[in-house]
Amino acid sequence: MDANLHVVADTAEARARANNVALSTALLLTLLAVAGGIALERRAALVRRVERERGLAAELDARVEERTRELTAANARMAQEVREREAAERELRQAQSELIQAARLATLGQMSAAISHEFNQPLAAIRSYSDNAEQLIAAGREQDAVGNLRRIAGLVDRMGAMSAHLKLFSRQADADVAPMPLTQAIDGAMLLLDGLVRRRGVRLLIERPERGPYVNAGAIRLEQVVVNLISNALDAVEGRPDPTVWVAVREVDGMAELSVADNGPGIDEANRERITAPFFTTKSEGRGLGLGLAIVYKIVRDFGGRLLVGDRDQGGALMRVWLPIAEPGAAGPASARPVQR
């Protein structure tokens with residue numbers, strides 16, 4: 001005989017456990033879903049950041065490339081400007097050299113009358129001495145005739161020295177700069193100007209050391225500085241009752257100074273700023289090109305020196321050239337007696 005057994009038990013605890021399992025499972029699934037969402041969001045953010053950085057890198061590369069092109073173009077323009085400036089400087093130096101040469105030849109032209117006088121006097125003396133020598137020989141006075149011939153030889157030597165110096169002075173400006181005595185330029189200038197000084201009746205007083213001071217300069221250009229300054233002074237004192245020009249060489253504050261002063265009318269205050277400008281002149285028409293002081297200023301600056309323009313306390317112009325002393329540069333004691341020509 002079949003029998004059925006029925007057990008009656010309380011299911012509340014089982015349902016509670018089932019509910020807990022279901023709740024835990026749901027919570028776990030929720031946590032997994034949240035974690036997955038967070039991971040996906042982080043991945044998306046990473047992807048966006050990478051893309052943004054790639055964009056920034058591409059933009060930076062584009063800017064660098066653009067800037068590189070701009071810099072390359074700027075460098076090309078700068079290189080072209082440098083070439084143009086170098087060409088302009090070469091043309092300027094060539095023009096300045098030609099201007100200096102033109103001023104030198106103009107100076108020789110202005111001195112031509114005095115130079116002609118300097119040659120005519122020895123030639124007349126040579127003719128006189130030679131005629132006298134012929135008569136002395138005919139009279140049997142050979143010793144006296146020999147004395148005349150020696151005088152003729154001295155005059156010929158003087159003319160030869162002056163001719164050689166004129167040829168040297170008329171050359172293109174020298175480019176070599178080397179230590180030389182400042183007084184050497186005065187000696188050379190006086191070979192050219194001595195006749196003009198005497199012909200105009202100007203009292204020229206020169207105060208100079210026995211030797212030195214030495215300066216770094218080109219001999220021809222430095223001599224042109226002296227010639228131009230003294231020539232301007234000679235023009236300034238023309239027509240004065242007691243025309244006088246003072247030239248002095250000394251050391252001042254470790255510099256070699258060449259000063260040229262005169263007792264002329266001096267320089268107006270308004271003209272001092274323009275006095276060294278090319279083609280500016282206070283002389284009457286036909287008396288000058290207005291290049292003398294401009295050339296002096298340029299040459300002195302090339303030698304690392306300064307040109308100071310002013311007036312004497314007693315009246316008249318005072319031009320001072322300061323040049324750095326070079327080795328050997330020990331200047332001798334200044335002569336106490338001025339040299340008068």
Side-chain angles (χ1 to χ4, degrees), residues 100-101 103-104 107-108 111 118 157-158 160-197 202-234 245-262 292-293 295-309 318-341:
I100 291 174
Q101 179 68 4
R104 182 181 295 108
T107 301
L108 287 177
M111 295 187 301
E118 284 298 298
D157 290 342
R158 174 178 170 80
M162 184 176 298
S163 177
H165 202 74
L166 287 173
K167 186 183 297 184
L168 179 68
F169 189 75
S170 63
R171 287 181 185 171
Q172 193 76 351
D174 51 352
D176 295 334
V177 173
M180 60 169 290
L182 180 54
T183 51
Q184 177 183 322
I186 295 179
D187 295 336
M190 291 317 304
L191 273 176
L192 300 176
L193 295 172
D194 189 58
L196 181 62
V197 171
V202 176
R203 186 167 59 123
L204 179 62
L205 303 177
I206 302 179
E207 182 181 347
R208 49 178 289 177
E210 296 297 334
R211 58 187 177 88
Y214 281 76
V215 296
N216 279 319
I220 298 176
R221 285 186 290 169
L222 185 57
E223 185 175 311
Q224 185 175 7
V225 168
V226 181
V227 167
N228 286 355
L229 292 178
I230 296 179
S231 296
N232 282 348
L234 293 177
V245 173
W246 294 267
V247 179
V249 174
R250 58 175 68 91
E251 287 189 30
V252 177
D253 296 332
M255 301 284 283
E257 181 189 79
L258 165 69
S259 63
V260 178
D262 60 67
L293 286 180
I295 297 299
V296 169
Y297 175 80
K298 197 260 180 203
I299 293 175
V300 170
R301 188 180 59 180
D302 286 348
F303 293 156
R306 297 174 57 196
L307 172 65
L308 291 85
V309 178
L318 172 62
M319 302 290 178
R320 292 182 294 165
V321 171
W322 284 3
L323 294 171
I325 293 178
E327 293 293 340
S335 174
R337 56 177 182 82
V339 178
Q340 182 169 349
R341 294 181 178 269

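In this structure, the side chain to side chain contact (heavy atoms under 4.5 Å, CB included) partners of Glu257, at least two apart in sequence or on a different chain, are Arg250, Val252, Ser259, Arg320, Trp322. Partners of Pro179 according to the side chain to side chain contact (heavy atoms under 4.5 Å, CB included) rule, which considers only residues two or more places apart in sequence or in another chain, are Tyr214, Asn216, Ala326, Pro328. For Ala256, the side chain to side chain contact (heavy atoms under 4.5 Å, CB included) criterion is met by Leu182, Pro213, Val215, Ile325, not counting sequence neighbours.
Residue Leu229 holds its CG atom at 10.5 Å from CD1 of Ile186, rounded to the nearest 0.5 Å. Interatomic distance, CD1 of Ile206 versus CE of Met190, reported as 5.0 Å (0.5 Å rounding).
The heavy-atom pair separating Val226 from Ala189 by the smallest distance is CG1-CB, 3.6 Å. Of all heavy-atom pairs spanning Pro324 and Phe303, the tightest one is CD-O, 3.9 Å. Ala217 and Met180 make their closest contact through O-SD, 4.1 Å (heavy atoms, listed as atom of the first residue, atom of the second, distance).
Within the 4.5 Å cutoff, the side chain of Leu258 has heavy atoms near those of the Val247 side chain. Residues Asn232 and Met319 form no side-chain contact, since every pair of their non-hydrogen atoms from C-beta on lies 4.5 Å or further apart.
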message: One pair to check against side chain to side chain contact (heavy atoms under 4.5 Å, CB included): Leu222 and Leu323. What are the steps and the verdict?
response: CA-CA 11 Å; Leu222 185 57; Leu323 294 171; 3.9 Å; yes
